[in-house]
Amino acid sequence: MGKIKLYSFPLSPPGRTVQLTAKALGLELEFHSVSVLEKEHLTEEFIKMNPQHTIPVIDDDGFVLYDSHAIAIYLVSKYAPGNRLYPTKDFKQQARINAILHFESGVMFARLRFVGDAIQKASHQGEVPQDRVEYALEAVELLEALLRDGQYLAGDHVTLGDISCVTSFSFLDAMLPVERAKYPKVYAWYERMKHIEGYDEINQKAVDQLNGVIQGIFEGNKSK
């Protein structure tokens, strides 16, 4: 069996979710860069593989799958059934994790994209509409509420829900004027997540690159 092919982009939060999941499971990925900044996800070749033209996409020995949540669940279910990231036989725990994954997709990542779209049209941070900032910050408030019962989002240990959320939250934190003191549980969780396998090389590296990307967008918009 060859390596699982991953089609993604280093700055993609969903793509990093798949990378961090694979790292936690000890799986090697063959990374193929698909730059959304260069619209490489809109090529005819890529759309044949994924009609929704979203990243990430995996090709596991001919089995093609997209959506980071589906991919992460697939990797655990096939290569590490029973792993605590997504336990195979504990249906209640699966349901808890699924609820967090839907929260990440429908709230965290959706609002990250909402504010990200505004940043792409601005020439400085002050031009980002306040209503978009506040809407995105509501996701942080909800994350704080979800952490009221424990150190992690679906129990007392890291699950796919935590991995998925931290990739989006880390970008929200970098993009928004967050008052950290208002969200003590979120930032305590965030510090714990920074110790998971592969965090620095996969997620922190992207966070460090993000500020430069945003400044480049602002500078480019100023010259238009």
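The structure presented is a predicted model; accordingly, all values stated were derived computationally and were not measured. Position 1 is the first residue of the sequence; numbering continues from there.
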Evaluation steps, side chain to side chain contact (heavy atoms under 4.5 Å, CB included), between Lys78 and Asp60:
CA-CA 11 Å; Lys78 179 176 180 180; Asp60 184 15; 3.1 Å; yes
Hey, mind stepping through Thr167 and Ile202 against side chain to side chain contact (heavy atoms under 4.5 Å, CB included) and telling me if it holds?
CA-CA 10 Å; Thr167 59; Ile202 295 169; over 6 Å; no
Steps toward side chain to side chain contact (heavy atoms under 4.5 Å, CB included) verdict (Asp208, Gln204)
CA-CA 6 Å; Asp208 293 342; Gln204 188 60 50; 2.9 Å; yes
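Scanning both residues, Ala118 and Arg132, for their nearest heavy atoms gives CB-CD, 3.6 Å. Scanning both residues, Arg148 and Lys185, for their nearest heavy atoms gives CA-NZ, 3.4 Å. Scanning both residues, Ala174 and Asn211, for their nearest heavy atoms gives O-OD1, 4.1 Å. The nearest pair of heavy atoms linking Ala139 to Phe103 is O-CZ, 3.9 Å. Considering all non-hydrogen atoms of both residues, Gly161 and Ile97 come closest at N-CG2, 3.9 Å. In terms of heavy atoms, Phe9 sits closest to Ile55 at CB-CD1, 3.6 Å.
Atoms CG and CG, from Leu160 and Leu153 in turn, are 12.0 Å apart once rounded to the nearest 0.5 Å. How far NZ of Lys23 is from CD of Glu197: 6.0 Å, rounded to the nearest 0.5 Å. Residue His102 holds its NE2 atom at 16.0 Å from CE of Met108, rounded to the nearest 0.5 Å. Annotation: the span from Asp173 atom CG to Ser168 atom OG amounts to 12.5 Å, rounded to 0.5 Å. Distance check: Ile196 CD1 to Asp162 CG gives 8.5 Å after rounding to the nearest 0.5 Å. To the nearest 0.5 angstrom, Tyr152 atom OH is 11.0 Å from Ile163 atom CD1.
By the criterion of side-chain heavy atoms lying less than 4.5 angstrom apart, applied directly or through intervening Ile, Leu, Val, Met, Phe, Trp or Tyr residues, Tyr135 is not grouped with Phe169; the two fall into different hydrophobic clusters. Hydrophobic clustering of Ile, Leu, Val, Met, Phe, Trp and Tyr side chains at less than 4.5 Å, counting indirect connections, unites Leu37 with Val115. When hydrophobic clusters are built by joining Ile, Leu, Val, Met, Phe, Trp and Tyr residues whose side-chain heavy atoms come closer than 4.5 Å, directly or via intermediates, Val64 is grouped together with Phe31. In terms of hydrophobic clustering, with Ile, Leu, Val, Met, Phe, Trp and Tyr side chains grouped at heavy-atom distances under 4.5 Å, Leu176 and Val213 are assigned to a common cluster. Note on Met49 and Leu42: separate hydrophobic clusters, where clusters join Ile, Leu, Val, Met, Phe, Trp and Tyr whose side-chain heavy atoms are under 4.5 Å apart, directly or indirectly.
For the pairing with Leu143, the side chain to side chain contact (heavy atoms under 4.5 Å, CB included) check across Trp189, Tyr183, Tyr190 returns one residue only, Trp189. Of the residues listed (Leu65, Asp61, Asp59), the one engaging Phe63 in a side chain to side chain contact (heavy atoms under 4.5 Å, CB included) is Leu65, and it is the only one. Between Pro56 and the choices Val18, Asp67, Leu29, the side chain to side chain contact (heavy atoms under 4.5 Å, CB included) rule is met once, by Val18.
The environment of CZ in Arg113 is sparse: at most 12 heavy-atom neighbours from other residues, nucleotides or ligands sit within 6.0 Å. Environment of CD in Glu45: sparse, with no more than 12 heavy atoms of neighbouring residues, nucleotides or ligands closer than 6.0 Å. Counted within 6.0 Å of CD on Glu38, heavy atoms from surrounding residues, nucleotides or ligands total 12 or fewer; the atom is thus considered open. The number of heavy atoms from other shown groups lying within 6.0 Å of NZ (Lys194) is above 12. Around CD of Gln130, the count of heavy atoms belonging to other residues, nucleotides or ligands within 6.0 Å exceeds 12.
The closest side-chain heavy-atom distance from Glu144 to Val140 is not below 4.5 Å. Residues Val178 and Val186 are not in side-chain contact: their nearest non-hydrogen atoms beyond the backbone lie 4.5 Å or more apart. Annotation: side chain of Thr159 is not in contact with side chain of Ile100 (no heavy-atom distance under 4.5 Å).
In this structure, Ser105 contributes its side chain and Leu101 its backbone to no donor-acceptor pair below 3.5 Å. Arg180 places no side-chain N or O within donor-acceptor distance of the main-chain N or O of Tyr187, the cut-off being under 3.5 Å. No donor-acceptor distance shorter than 3.5 angstrom exists from the side chain of Asp117 to the backbone of Phe114, with no hydrogens or angles considered. Although no hydrogens or angles enter the test, the distance criterion places no donor-acceptor pair under 3.5 Å between the side chain of Gln94 and the main chain of Tyr86.
Judged by a 6.0 Å distance limit and a 45° cone about the ring axis, Arg16 is positioned over the six-membered ring of Phe171.
Scanning for side chain to side chain donor-acceptor pair (under 3.5 Å) contacts around Ser164 gives His69, Glu104, with sequence neighbours left out.
The aromatic rings of Tyr7 and His32 sit parallel to each other, their planes meeting at less than 30°, with 60° as the upper class boundary.
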